[in-house]
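Right, one structure below, let's go through it.
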Amino acid sequence: MFVRGFSLIVALLAVAGCAGPSVAAPPVVTPVPRPVAVAVESVLPDGARRALDRELARYLRERPGRAALAVYDRTTGVRYAFREHTPFMLASVAKMDILLAFLLGKEGELDDYERELTSRMIRYSDNDCAHELYMLVGGRKGLTGVLRRLGVEHTWPGPGLYWGTTRSRPSDQVKVLEWLTDAGGPLPLHDRRYALQLMSSVHPSQAWGVSAAGGEVALKNGWLPSDAHGGLWTVNSVGRLDVRGHELLMAVLSERSPTMETGIATVEELARLTADALTGPEKTLVSASEVF
């Protein structure tokens, strides 16, 4: 299942192997400065949460398959999650988890070969590079150990080289994004910058997903026709967004779409609706001074 699916993807997108040539990358996303008065974390206010729940549910009623999402607005401190209780297969989004574990396990700067592996894994979604890095972090046992130590409790890495069968909830992937990018986290500044650099320069053919919400974006997507779902598509997108002055960490996961394009359309509209609800000028739900 897994090998066949990824072989199809390689044929569709003509993604090169680890030793392949590089291409020009889009501009790198720079971190958004935090507000002077840092907001206290909070859930979305009840009225706004119910309104967004209804809007997303209304949209998904007309879509095949199922989907869920989570978002953390670092600017206001607000968190929101939708329909995320049942885990999803991550496909290549698991490469972001592998990157975090690998950077955490390194002492000092990455050498040229390690930079090649991590760059091709994230920017080109190269599976051979992901296989090697997954083994370097200890495979299923090693990645599980890292995630549990970081409080990522609802992610179950795949066995052997089947990292793409890793199952997770959107809020767990938002946590992984936090650990990759948070100045108060375990990664040094040069590693945080490197992770953002990779995720903000993915190959243009893979820059869909949460980027549809607008603004600057650093992301990692995953896509896979799954035998477990009769060949229907798993399509996921996770990223850090700068939208109308808000720094958003967002994960949108979906499964059972009839085509990859259908799954992408679902993920992108969910990202747009959620970002608009949290940042749209006509929907000012909460400000940093109102979270307390």
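Everything numeric in this text was worked out from a predicted model, so none of it was measured.
When Val267, Val252, Leu253 are each tested for a side chain to side chain contact (heavy atoms under 4.5 Å, CB included) with Leu69, only one passes: Val252. Checking Lys175, Glu84, Met250 one by one against Pro170, the side chain to side chain contact (heavy atoms under 4.5 Å, CB included) holds for a single residue, Glu84. Just one residue in the list Gln206, Met199, Gln197 forms a side chain to side chain contact (heavy atoms under 4.5 Å, CB included) with Ile122, and that residue is Met199.
Nearest heavy atom pair, residue Cys129 against residue Arg120, reads SG-CB, 3.8 Å. When all heavy atoms are compared, the tightest approach of Leu177 to Gly239 is CD1-O, 3.4 Å. The nearest pair of heavy atoms linking Leu103 to Ala195 is CD1-CB, 4.4 Å. Heavy atoms only, all atoms of each residue included: Gly231 and Pro225 are closest at O-CB, 3.7 Å. The heavy-atom pair separating Asn236 from Ala91 by the smallest distance is ND2-N, 4.3 Å. The nearest pair of heavy atoms linking Gly209 to Ser237 is CA-OG, 3.4 Å.
The distance from the CZ atom of Arg240 to the CG atom of Leu219 is 11.5 Å, given to the nearest 0.5 Å. Thr181 contributes atom OG1, which lies 8.5 Å from atom CZ of Arg192 (distance to the nearest 0.5 angstrom). To the nearest 0.5 Å, atoms NE2 (His229) and CG (Leu224) are separated by 10.0 Å. In this structure, CD1 in Ile264 is found 14.0 Å from CD in Glu269, a value given to the nearest 0.5 Å. Ser171 OG to Glu153 CD: the interatomic distance, rounded to the nearest 0.5 Å, is 11.0 Å. Atom CG of Leu100 sits about 4.5 Å away from atom CG of Leu180, to the nearest 0.5 Å.
No side-chain donor-acceptor contact under 3.5 Å links Asp126 to the backbone of Leu117. A donor-acceptor pair is defined here as one N or O able to donate and one able to accept, closer than 3.5 Å; no such pair exists between the side chain of Thr274 and the backbone of Ala271. Not one N or O on the side chain of Arg123 forms a donor-acceptor pair closer than 3.5 Å with the backbone of Leu198. Panel note: side chain Arg74, backbone Leu248; no donor-acceptor pair is recorded below 3.5 Å. With hydrogens and angles disregarded, a donor-acceptor distance shorter than 3.5 Å links the side chain of Asp172 to the backbone of His154. Using a distance-only test at 3.5 Å, with no hydrogens or angles considered, no donor-acceptor pair links the side chain of Arg169 to the main chain of Thr86. A donor-acceptor pair is defined here as one N or O able to donate and one able to accept, closer than 3.5 Å; such a pair exists between the side chain of Thr259 and the backbone of Thr262.
Ser125 and Lys220 share a side-chain donor-acceptor pair at under 3.5 Å. Of the N and O atoms on the side chains of Thr234 and Glu255, not one donor lies less than 3.5 Å from an acceptor on the other residue. Side chain to side chain, Tyr134 and Asp97 fail the donor-acceptor criterion of an N or O pair below 3.5 Å. Asp73 and His246 share a side-chain donor-acceptor pair at under 3.5 Å. Residues Ser92 and Lys95 have side chains that bring a donor and an acceptor to within less than 3.5 angstrom of each other. For the 3.5 Å distance criterion, the side chains of Tyr113 and Glu132 qualify, holding a donor opposite an acceptor. Checking Glu247 against Thr75 by side-chain atom types alone, no donor-acceptor pair falls below 3.5 Å. The closest side-chain donor-acceptor pair between Thr155 and Arg148, if any, does not fall under 3.5 angstrom. A donor atom on one side chain and an acceptor atom on the other are not found under 3.5 Å apart for Thr266 and Ser254.
Other residues, nucleotides and ligands contribute only 12 or fewer heavy atoms inside 6.0 Å of the CG atom of Asp112.
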Side chain to side chain contact (heavy atoms under 4.5 Å, CB included) between Leu232 and Ser226, worked out = CA-CA 6 Å; Leu232 297 176; Ser226 171; over 6 Å; no
message = Show, in sequence, the C-alpha distance, side-chain angles and deciding distance for Lys106 and Glu114, and conclude whether the salt bridge (Lys or Arg N to Asp or Glu O under 4.0 Å) test is met.
response = CA-CA 10 Å; Lys106 275 293 296 179; Glu114 291 166 338; 3.1 Å; yes
inquiry  = Go through it in stages, so that I can follow the logic: the residues are Arg244 and Asp276, the test is side chain to side chain contact (heavy atoms under 4.5 Å, CB included), and I'd like the CA-CA distance, side-chain angles, deciding distance and then a yes or no.
reply    = CA-CA 9 Å; Arg244 291 181 283 272; Asp276 286 349; 2.8 Å; yes
query = So Asn221 and Val93, side chain to side chain contact (heavy atoms under 4.5 Å, CB included) or not? Walk me through it.
reply = CA-CA 5 Å; Asn221 295 330; Val93 163; 5.5 Å; no
Asp46 vs Arg49, salt bridge (Lys or Arg N to Asp or Glu O under 4.0 Å): CA-CA, chis, key distance, verdict = CA-CA 5 Å; Asp46 285 346; Arg49 176 181 52 78; 3.4 Å; yes
request  = Evaluate side chain to side chain contact (heavy atoms under 4.5 Å, CB included) for Leu52 paired with Leu44, printing each intermediate quantity in order.
outcome  = CA-CA 10 Å; Leu52 184 52; Leu44 197 62; 4.2 Å; yes
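Counting heavy atoms from C-beta outward, Arg115 and Tyr194 have side chains that approach closer than 4.5 Å. Considering only heavy atoms from C-beta on, Leu99 stays 4.5 Å or farther from Met96 through its side chain. Looking at heavy atoms from C-beta onward, Trp156 lies out of side-chain contact with Thr166 at the 4.5 angstrom threshold. Counting heavy atoms from C-beta on, the side chains of Phe102 and Thr118 come closer than 4.5 Å. The side-chain heavy atoms of Leu104 and Leu150, taken from C-beta on, include a pair separated by under 4.5 Å. Inter-residue side-chain proximity for Arg79 and Val71 is flagged as unmet; no heavy-atom pair is nearer than 4.5 Å. Residues Gln173 and Leu249 fail the side-chain proximity criterion, which asks for heavy atoms closer than 4.5 Å. Side-chain contact between Val146 and Val137 is absent, with no heavy-atom pair separated by less than 4.5 Å.
For the pair Arg54 and Tyr59, the cation-pi test (distance below 6.0 Å, angle within 45°) is failed.
Qualifying salt bridge (charged side-chain N to carboxylate O under 4.0 Å, His left out) partners for Glu268, counting only residues two or more places apart in sequence or in other chains: none.
Using bins of under 30°, 30° to 60° and over 60° for the plane-to-plane angle, the ring pair Trp163/His131 lands in the tilted bin.
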